[in-house]
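For the single chain, residues carry numbers from 1 onward in sequence order.
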Amino acid sequence: MAAVTDEQVELVRALICSIPAGQVATYGDIAAAAGLSNARTVGWILRVDGSDLPWHRVIRASGRPTDHLRTEQLERLRAEGVLAVDGRVDLAAVRHRFPRTAG
């Protein structure tokens, strides 16, 4: 993985914090909004520096939660009104859209 700057980490953290309760964003959505070339970088940032973030609002592009956190993630989302059908969140209904930035 390419080196990630402190500024990129802070931008990803801020974007995750900006996802409202009751909505989700994909790793790719966050990567695109942060100007990162790889959605895996978002996952890495969450893994190493995301315990204090609303991490449960970040989901795979398939609408499925992270395997190892599936139960807790779905419970947290359900508490915010985000329902999953057969373990999949309806992204069309609850996907957060980040504002476009000039760049």
Side-chain angles (χ1 to χ4, degrees):
M1 178 179 309
V4 179
T5 67
D6 290 343
E7 291 80 16
Q8 289 170 319
V9 169
E10 290 308 312
L11 178 53
V12 167
R13 287 178 52 82
L15 288 165
I16 293 168
C17 285
S18 75
I19 303 167
Q23 293 186 4
V24 298
T26 68
Y27 293 93
D29 293 339
I30 296 165
L36 300 173
S37 60
N38 192 333
R40 291 177 186 257
T41 303
V42 175
W44 179 83
I45 291 169
L46 270 172
R47 190 168 47 254
V48 300
D49 193 29
S51 63
D52 61 332
L53 300 175
W55 58 267
H56 60 284
R57 296 180 189 149
V58 182
I59 200 154
R60 294 177 180 159
S62 66
R64 296 199 180 275
T66 304
D67 289 335
H68 68 287
L69 296 169
R70 175 181 310 278
T71 301
E72 183 177 359
Q73 189 168 21
L74 290 176
E75 285 174 0
R76 287 180 179 222
L77 288 172
R78 190 177 314 111
E80 294 182 357
V82 177
L83 303 179
V85 176
D86 293 327
R88 181 174 291 184
V89 171
D90 180 2
L91 290 175
V94 296
R95 190 178 209 160
H96 177 67
R97 301 290 181 186
F98 294 102
R100 295 187 143 244
T101 58

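Checked against Arg57 for a side-chain hydrogen bond (donor to acceptor under 3.5 Å, both in side chains), the options Glu80, Gln73, His96 give a single hit: Glu80.
When all heavy atoms of Val42 and Ala31 are compared, the pair lying nearest together is CG2-N, 3.6 Å. Of all heavy-atom pairs spanning Pro54 and Ile16, the tightest one is CG-O, 3.6 Å. Closest approach of Glu10 to Asp49, counting heavy atoms only: OE2-OD2, 4.5 Å. The two residues Gln8 and Ile45 make their nearest non-hydrogen contact at O-CD1, 4.4 Å. Scanning both residues, Val12 and Ala34, for their nearest heavy atoms gives CG2-CB, 4.0 Å.
Remark: Glu72 engages Arg76 in a salt bridge, criterion side-chain N to carboxylate O under 4.0 Å.
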query: Could you go step by step and tell me if Trp55 and Thr66 meet the side-chain contact (heavy atoms from CB on, under 4.5 Å) rule?
result: CA-CA 10 Å; Trp55 58 267; Thr66 304; over 6 Å; no
- request: Starting from the C-alpha separation in whole Å, work towards a yes-or-no answer on side-chain contact (heavy atoms from CB on, under 4.5 Å) for Ile59 and Leu91.
  value: CA-CA 9 Å; Ile59 200 154; Leu91 290 175; 3.9 Å; yes
message: Quick one, Ile19 with Ile30, criterion side-chain contact (heavy atoms from CB on, under 4.5 Å). Give me CA distance, side-chain angles, the key distance, then yes/no.
response: CA-CA 10 Å; Ile19 303 167; Ile30 296 165; 4.2 Å; yes
message: For a side-chain contact (heavy atoms from CB on, under 4.5 Å) check, start with the C-alpha distance between Val89 and Arg95, then their side-chain angles and the critical distance, and finish with the verdict.
response: CA-CA 9 Å; Val89 171; Arg95 190 178 209 160; over 6 Å; no
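With hydrophobic clusters built from ILVMFWY side chains whose heavy atoms lie under 4.5 angstrom apart, Val58 shares a cluster with Phe98.
Rounded to the nearest 0.5 angstrom, Arg40 CZ and Arg47 CZ are separated by 9.5 Å. Here the CZ-NE2 distance, from Arg78 to His56, works out to 12.0 Å after rounding to the nearest 0.5 Å.
Considering only residues two or more places apart in sequence or on other chains, Asp67 meets the salt bridge (Lys or Arg N to Asp or Glu O under 4.0 Å) condition with Arg60, Arg70. With sequence neighbours excluded, no residue forms a salt bridge (Lys or Arg N to Asp or Glu O under 4.0 Å) with Asp90.
Judged by distance alone, the side chain of Arg88 and the main-chain N or O of Ser62 form a donor-acceptor pair under 3.5 Å.
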